[in-house]
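The structure appears right after this line, and notes come after that.
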Amino acid sequence: REIQDEAVDLGTVHVAVLPTRLSPAVTSAERIAPEFTRALDDALELDHWVGSPLFVEVVPPPVTRRALRTGGVPRGGDLDGPGLRLLLSDLSANVVAIVEVTDIAPTKSNIDTDIVEIPLDGGGVATTRLEKGRLQYTVRADVELIDERGRQIRRTTVSASAAERYELGIYEGDVRALLLNRRQREHFDPDFIAAQRLAIQEAAAVELADDVARRVFDGTLGYAR
């Protein structure tokens with residue numbers, strides 16, 4: 001048993017996973033909630049990194065984040081070759097994993113639109129529309145593994161999607177003039193609408209985490225052999 005334990009210890013590859021970052025294209029498009037990357041990192045940390053396969057050990061993410069802060073690297077910032085090697089040395093790790101979200105595309109389907117007349121403050125009635133349908137977010141990310149010598153071990157692309165029903169109020173005038181009931185206020189509330197989008201994006205993040213973890217583990221095991 002002692003020999004087996006020593007073999008596992010000597011053969012284990014230690015992986016430092018950087019916080020998920022967004023590509024410039026995704027950032028400039030403003031189609032993704034800032035909470036998305038945190039949702040993905042949380043899913044990876046809580047559901048996957050603690051259950052790594054034999055011969056793979058993921059450096060605890062808080063330890064990696066602390067090392068990045070100590071090195072003056074902001075969340076989502078780039079590391080050059082020497083910086084990556086220094087980070088791996090500080091963490092006693094063999095491999096660094098970089099996860100970058102490159103695209104997130106919304107798709108609407110099964111759309112129905114109802115005409116809704118709503119009283120106006122001060123008198124009169126406004127004609128609004130209530131759009132109902134299904135909103136799907138498809139997310140794509142690159143997963144790159146680099147060893148302590150700066151060599152790329154593997155680079156792959158993964159994708160996942162999630163969908164849910166949504167309801168959205170549409171009015172060309174000043175929404176503040178509408179006498180809305182409680183349910184109607186939700187249809188026109190930017191925060192409520194954003195929360196609907198975020199919930200779908202976070203569900204996609206959980207699905208994406210499965211593929212990200214699998215690619216990190218497979219690539220690291222291939223490197224170990």
Side-chain angles (χ1 to χ4, degrees), residues 2-27 32 36-104 139-160 204-225:
E2 290 179 357
I3 294 175
Q4 289 177 339
D5 291 344
E6 183 178 2
V8 170
D9 183 57
L10 292 175
T12 294
V13 178
H14 297 267
V15 186
V17 183
L18 302 188
T20 299
R21 65 190 189 189
L22 303 177
S23 72
V26 173
T27 304
I32 187 168
F36 176 84
T37 55
R38 289 193 288 271
L40 177 56
D41 287 338
D42 286 347
L44 289 168
E45 180 176 350
L46 299 175
D47 300 332
H48 297 282
W49 300 150
V50 293
S52 57
L54 198 64
F55 296 111
V56 176
E57 182 74 25
V58 177
V59 177
V63 175
T64 299
R65 291 194 295 268
R66 184 175 60 219
L68 289 170
R69 289 194 301 270
T70 302
V73 180
R75 183 182 178 92
D78 290 331
L79 276 173
D80 56 13
L84 284 175
R85 290 193 291 273
L86 179 60
L87 176 67
L88 288 172
S89 176
D90 290 344
L91 296 173
S92 299
N94 313 102
V95 172
V96 64
I98 301 172
V99 181
E100 181 177 61
V101 177
T102 57
D103 187 52
I104 179 164
V139 188
R140 186 158 46 248
D142 289 338
V143 181
E144 183 178 18
L145 300 179
I146 301 174
D147 69 10
E148 63 264 34
R149 285 177 285 183
R151 300 180 308 175
Q152 184 184 88
I153 300 170
R154 183 175 297 183
R155 183 184 180 93
T156 55
T157 298
V158 296
S159 64
V206 172
E207 294 296 324
L208 188 67
D210 291 339
D211 284 337
V212 169
R214 183 162 51 250
R215 299 304 172 90
V216 169
F217 291 149
D218 290 349
T220 304
L221 285 171
Y223 176 77
R225 288 193 288 268

| field | Side chain to side chain, Leu46 and Val50, heavy atoms closer than 4.5 Å | value | no
| field | Stepwise side-chain contact (heavy atoms from CB on, under 4.5 Å) test for Val13 and Val56 | value | CA-CA 5 Å; Val13 178; Val56 176; 5.5 Å; no
| request: Could you tell me which non-hydrogen atom of Ala67 sits nearest to which non-hydrogen atom of Leu91, and how far apart they are? | output: CB-CD2, 3.8 Å
| Side chain proximity check, Arg65 to Pro19, heavy atoms < 4.5 angstrom | yes
| said: Contact between Ser52 and Thr220 at the side-chain level, heavy atoms closer than 4.5 Å - yes or no? | reply: no
| request: Please report the shortest heavy-atom distance between Ala97 and Val216, naming the atom on each side. | output: CB-CG2, 4.2 Å
| field | Phe217 side chain near Trp49 side chain, heavy-atom distance below 4.5 Å | value | yes
| Donor-acceptor contact below 3.5 Å, side chain Thr102 vs main chain Arg140 | yes
| message | To check you understand the geometry: which heavy-atom pair defines the closest contact between Leu44 and Ala209, and what is its length? | response | CD2-O, 3.5 Å
| When rounded to the nearest 0.5 angstrom, what distance separates CG in Asp218 from CG in Leu145? | 10.0 Å
| field | pair Ile98-Arg21: side-chain heavy atoms closer than 4.5 Å | value | yes
| field | The single option from Asn94, Val15, Val96 passing side-chain contact (heavy atoms from CB on, under 4.5 Å) against Leu88 | value | Val96
| How close do Leu208 and Ala141 get, heavy atom to heavy atom, and via which atoms? | CD2-CB, 4.1 Å
| message | Taking side-chain contact (heavy atoms from CB on, under 4.5 Å) as the criterion, tell me which of Leu18, Thr20, Val99 meets it with Asp41. | response | Thr20
| message | With heavy-atom distances below 4.5 Å as the criterion, would you say the side chains of Asp210 and His48 are in contact? | response | yes
Which donor-acceptor pairs under 3.5 Å do side chains of residues 146-156 form with protein atoms, sequence neighbours excluded?
{"unit_1": "Asp147", "atom_1": "OD1", "unit_2": "Arg149", "atom_2": "N", "d": "3.0"}
{"unit_1": "Asp147", "atom_1": "OD1", "unit_2": "Gly150", "atom_2": "N", "d": "3.1"}
{"unit_1": "Asp147", "atom_1": "OD1", "unit_2": "Arg151", "atom_2": "N", "d": "2.9"}
{"unit_1": "Asp147", "atom_1": "OD2", "unit_2": "Arg151", "atom_2": "NE", "d": "2.9"}
{"unit_1": "Asp147", "atom_1": "OD2", "unit_2": "Arg151", "atom_2": "NH2", "d": "3.0"}
{"unit_1": "Glu148", "atom_1": "OE1", "unit_2": "Tyr223", "atom_2": "OH", "d": "3.3"}
{"unit_1": "Gln152", "atom_1": "NE2", "unit_2": "Glu144", "atom_2": "OE2", "d": "2.8"}
{"unit_1": "Arg155", "atom_1": "NH1", "unit_2": "Glu144", "atom_2": "OE1", "d": "3.1"}
{"unit_1": "Arg155", "atom_1": "NH2", "unit_2": "Asp142", "atom_2": "OD2", "d": "3.1"}

| request: Check Val158 against Val143 and note the closest heavy-atom contact, atom names and distance. | output: CG2-CG2, 4.2 Å
| said: Measuring only between side-chain heavy atoms, which start at C-beta, is Val17 closer than 4.5 Å to Thr64? | reply: no
| message | Between Pro53 and Leu221, is there a side-chain heavy-atom distance shorter than 4.5 Å? | response | yes
